[in-house]
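Every chain is numbered from 1 and lettered A, B, ... according to where its sequence line falls, protein lines coming before strand lines.
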2 protein chains.
Amino acid sequence: MTGPRRRVTQRDIARLSDVSQATVSLVLNNRLDGGVRIAEATRQRVLDAIRETGYVADPVARRMADQYNRIIGVFTYEPVFPSGARDFFHPFLLGLEEQAERLGCDLLLLTSAPVVDGRRRMFADGSRIRLADGCVLLGQEVDRDDLTRLVAEGVPFVSVGRRDDAGGPVPYVGADYPAATAALVRRAAELGHRSLAYVGRGEGPESYADRLRGFHAAAEEAGAAARRLPGAGSEALDAALADGVTALFLEEPADVPAVTAWAAARGLGVPADLSLVALGDPTRPVSIDLDVTGFTIPRREMGRQALDVFFALLKEAETDTQRLLTCEQHDGATLGPVL
Amino acid sequence: MTGPRRRVTQRDIARLSDVSQATVSLVLNNRLDGGVRIAEATRQRVLDAIRETGYVADPVARRMADQYNRIIGVFTYEPVFPSGARDFFHPFLLGLEEQAERLGCDLLLLTSAPVVDGRRRMFADGSRIRLADGCVLLGQEVDRDDLTRLVAEGVPFVSVGRRDDAGGPVPYVGADYPAATAALVRRAAELGHRSLAYVGRGEGPESYADRLRGFHAAAEEAGAAARRLPGAGSEALDAALADGVTALFLEEPADVPAVTAWAAARGLGVPADLSLVALGDPTRPVSIDLDVTGFTIPRREMGRQALDVFFALLKEAETDTQRLLTCEQHDGATLGPVL
DNA sequence: TCAAGATGATAATACGTATTATCATCTTGA
DNA sequence: TCAAGATGATAATACGTATTATCATCTTGA
């Protein structure tokens, strides 16, 4: 008595409650406009049948009829979630899931397998995004072409993390890296640091550029010397130290162990001889035994608000579609006064 | 002149190449069966139009015409993916995603079902599973009631990891823990070990029970003494050691650091004084500096094959719906001969 | 008593694709 | 010359939902 279980459809509900399919749809969507009316008794009969059968509208058919299906694609760009980055991205996902549950929508994984040169192009296939009402973008770097096309096609989407314009403004919920970085620079200046170094790329992903921008702006304002070291290599650090740098601002906190190892090798005390500041959370898993001063990215909250912005866009409601959230400053033990 | 551009449809192609929509579809799908034929010239005209316009079939409409919506729910039981377990579960997800891409379907996260006492019940909300064609189950432990209901309702589903019957056979793609464990026991016996200890629960999740079963069976066959220690506590280990145990089989490889710390404290060399075997991969992130002998769970492949089984079930094709995959043995440096 | 308005429901249609049954035309062979 | 088969294409329909135009019946008020 099995056989491939057919989906329960509105026709089934209609038959059960002795009305037409149209009526079922109207009850489901609670349409009151257009002058449509359903008697309360009928409505109840339909709702009962729905409850009994556990009927849910087929999201595909809903999309077909050009409707919302409350499914949101989550597109992640990191090449197959490089194992290291998982921990970093997880809080974002948690925020998304949490808010999705609250808003009663579902998340579709658009992270699908490796495609062209290790990276995924969003439009590589026939645009499965269309299955969903739109999508949320996650990842340090996002393909510019994809972004441009999303904007051009008017697909509702939100980026987790600020993005530069792409043929139009990109809706995002980002972290206020410039402000968070600047605040730490000011703290350092107050503590007497006159020569600071930013360690990292400072370009490429917006999040890097934003940090560096905040760094330079605040340093200039504070009248402190500022430089950038491309990486945490020993030679570069040695040179900076010899040149009078007293505080290092790490773009990538996962570099902390490398820097402390170098400091230990040189017999430098932190923060006695050198201060250390972490600009965010590590994107690679590392064990750090120091209580590093720096800031924390409100990842979970970013995930949550991303969905809020998404729904506002979908409903075309008024809202701030480019949000920068404040990072929490962490007062650790690695930023000290210059002795 | 913007506005969301209308999609190019088969009707457009049909008009352009002066054929019917049906012909376009037939050309696209290259149907040769059913006695349908398209003249080569016509075919080329249609293909040209497709090329010119960049037409791609709307995935939504495709699925609409199909009996299935090609959406597969991924249900995970771990309480919102407890942070430690993420690493462990990720390879399964990768396998699922990879195969989903290959099979042209999408994964819907069903991880956000209402959380009742820290855990999710699948049917708590009644019907979200019905959004999808069926689902894949992921997690160490699966709710028995949910399982029973899935079987009873005939929802197509596959468990990643073997499951005991639940009012009927449960389709699964699991790891062959008994065989993998037994192989290691035999190796130990060959190396002269006569008294072995299994460290762990050995019950609860099927994966634990399976390991213990394989352990006991192989030990008996090899004529070696076998016992089980509930955990890796120092007292238990001391007692076992005092009692002549020369090899420990760890159900949970994340316990390796605890055991090696204990061994170091007792001045025991591994494998000189004591052999160590890891029965699988750590479910919690730990850093292990030893090259531990043991086996690896084919997680990615399990994810992949789970989707294969799922589709076979969906299409009611003949297939082995209860698969146990072979674990890869890893010949490390912690299982040595008894001196 | 009857017209106008209110009420309640449905038939018809659209969305874009896939497939099957059917049809028209051409070719072949005796 | 004609029937049978081959060839090439299409009309019709299905998939499951949403919506609009339409219709039938009931109510109301003068």
Side-chain angles (χ1 to χ4, degrees), chain A residues 4-46 50 53 55-71 125-128 130-131 133, chain B residues 4-47 49-50 53 55-71 104 127 130-133 314:
Chain A
R5 320 176 316 127
R6 215 174 41 77
R7 266 191 95 84
V8 178
T9 72
Q10 292 188 355
R11 279 186 46 199
D12 298 320
I13 306 294
R15 211 173 299 121
L16 281 173
S17 41
D18 208 32
V19 295
S20 69
Q21 174 267 322
T23 302
V24 175
S25 174
L26 290 170
V27 168
L28 265 171
N29 295 287
N30 226 339
R31 316 297 282 109
L32 299 173
D33 52 309
V36 224
R37 260 181 272 262
I38 306 288
E40 185 53 27
T42 311
R43 227 176 68 82
Q44 282 309 328
R45 234 179 327 132
V46 171
I50 289 175
T53 55
Y55 166 82
V56 190
D58 183 341
V60 167
R62 276 186 74 95
R63 284 304 288 170
M64 185 76 216
D66 208 31
Q67 280 304 312
Y68 301 135
N69 60 14
R70 300 188 81 79
I71 288 181
D125 50 15
S127 183
R128 284 189 330 208
R130 218 178 90 69
L131 265 192
D133 289 341
Chain B
R5 306 170 302 140
R6 208 176 51 76
R7 261 192 100 87
V8 179
T9 70
Q10 291 188 356
R11 280 186 46 198
D12 300 319
I13 305 294
R15 212 173 298 123
L16 281 173
S17 41
D18 209 33
V19 296
S20 69
Q21 173 268 320
T23 302
V24 176
S25 175
L26 290 170
V27 167
L28 267 170
N29 296 286
N30 228 337
R31 316 296 284 106
L32 299 172
D33 51 309
V36 225
R37 261 181 271 262
I38 307 288
E40 185 52 26
T42 310
R43 226 175 70 82
Q44 281 309 327
R45 234 178 328 131
V46 172
L47 288 176
I50 289 175
T53 55
Y55 166 83
V56 186
D58 182 345
V60 169
R62 275 183 96 101
R63 298 176 192 209
M64 183 76 221
D66 208 35
Q67 190 178 166
Y68 309 106
N69 64 21
R70 293 183 161 266
I71 294 178
S127 32
R130 292 177 206 271
L131 285 174
D133 285 339
L314 204 60

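In this structure, the nucleotide among dG8(C), dT20(D), dT17(D) sitting nearest to the side chain of Val36(A) is dT20(D). Of the listed nucleotides (dA9(D), dG16(C), dT17(D)), dG16(C) has the atom at the smallest distance from the side chain of Met64(B). Among the nucleotides dG16(C), dA18(D), dA11(C), the one closest to the side chain of Ser25(A) is dA18(D).
Within 4.0 Å of Val19(A), counting heavy atoms only, lie sugar-phosphate atoms of the nucleic acid but no base atom. Here Thr23(A) lies in heavy-atom contact (under 4.0 Å) with a base.
Under the Watson-Crick or G-U wobble criterion, with both distances below 3.5 Å, dT25(D) is paired with dA6(C). The partner of dA14(C) is dT17(D), by the rule that a Watson-Crick or G-U pair needs both atom distances under 3.5 Å. Across all strands shown, dA30(D) forms a Watson-Crick or G-U wobble pair, both distances under 3.5 Å, with dT1(C).
Side-chain nitrogen and oxygen atoms of Arg7(A) include none within less than 4.0 Å of the OP1 or OP2 phosphate oxygen of dG16(D). Taking only side-chain nitrogens and oxygens, Tyr68(B) never comes nearer than 4.0 Å to OP1 or OP2 of dG16(D). Proximity of Thr42(A) to the phosphate of dA9(C): a side-chain N or O atom is located under 4.0 Å from OP1 or OP2.
For Leu28(B) and dT17(C), the CG to P distance is 8 Å, given to the nearest whole Å. In this structure, Arg62(A) places its CZ atom 17 Å from C1' of dC15(D), rounding to the nearest Å. The CD atom of Gln10(A) sits 16 Å away from the C1' atom of dA14(D) (whole-angstrom rounding). In this structure, Gln44(B) places its CD atom 13 Å from P of dA9(D), rounding to the nearest Å. Atom-to-atom, CD of Gln21(A) to P of dT19(D) comes out at 11 Å; the value is rounded to the nearest Å. In this structure, the CG atom of Asp66(B) is 8 Å from the P atom of dT19(C), given to the nearest Å. The CG atom of Asp58(A) sits 9 Å away from the C1' atom of dC15(D) (whole-angstrom rounding). Residue Ile50(B) contributes atom CD1, which lies 10 Å from atom P of dT17(C) at whole-angstrom precision.
Minimum interatomic distance between Ala61(B) and Met64(A) (heavy atoms only, all atoms of both residues): CA-SD, 3.7 Å. Considering all non-hydrogen atoms of both residues, Asn30(A) and Arg43(A) come closest at OD1-NH1, 4.1 Å.
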task = Please test Arg63(A) against Ile71(A) for side chain to side chain contact (heavy atoms under 4.5 Å, CB included), starting from the C-alpha separation and ending with a verdict.
result = CA-CA 10 Å; Arg63(A) 284 304 288 170; Ile71(A) 288 181; over 6 Å; no
Item to complete: Assess whether side chain to side chain contact (heavy atoms under 4.5 Å, CB included) is satisfied between Thr53(A) and Asp12(A), documenting all intermediate values.
Response: CA-CA 9 Å; Thr53(A) 55; Asp12(A) 298 320; over 6 Å; no
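Between Arg37(B) and Leu26(A), the residue anchored nearer the 5' end of DNA chain D, judged by the nucleotide with its closest heavy atom, is Arg37(B). Between Ala22(A) and Arg11(A), the residue anchored closer to the 5' end of DNA chain D is Arg11(A), taking for each the nucleotide with the nearest heavy atom.
Checking side-chain atoms of Ser17(A) against main-chain N and O of Val19(A) turns up no donor-acceptor pair under 3.5 Å.
A distance of 7.5 Å separates OH of Tyr55(B) from CZ of Arg7(B), quoted to the nearest 0.5 Å.
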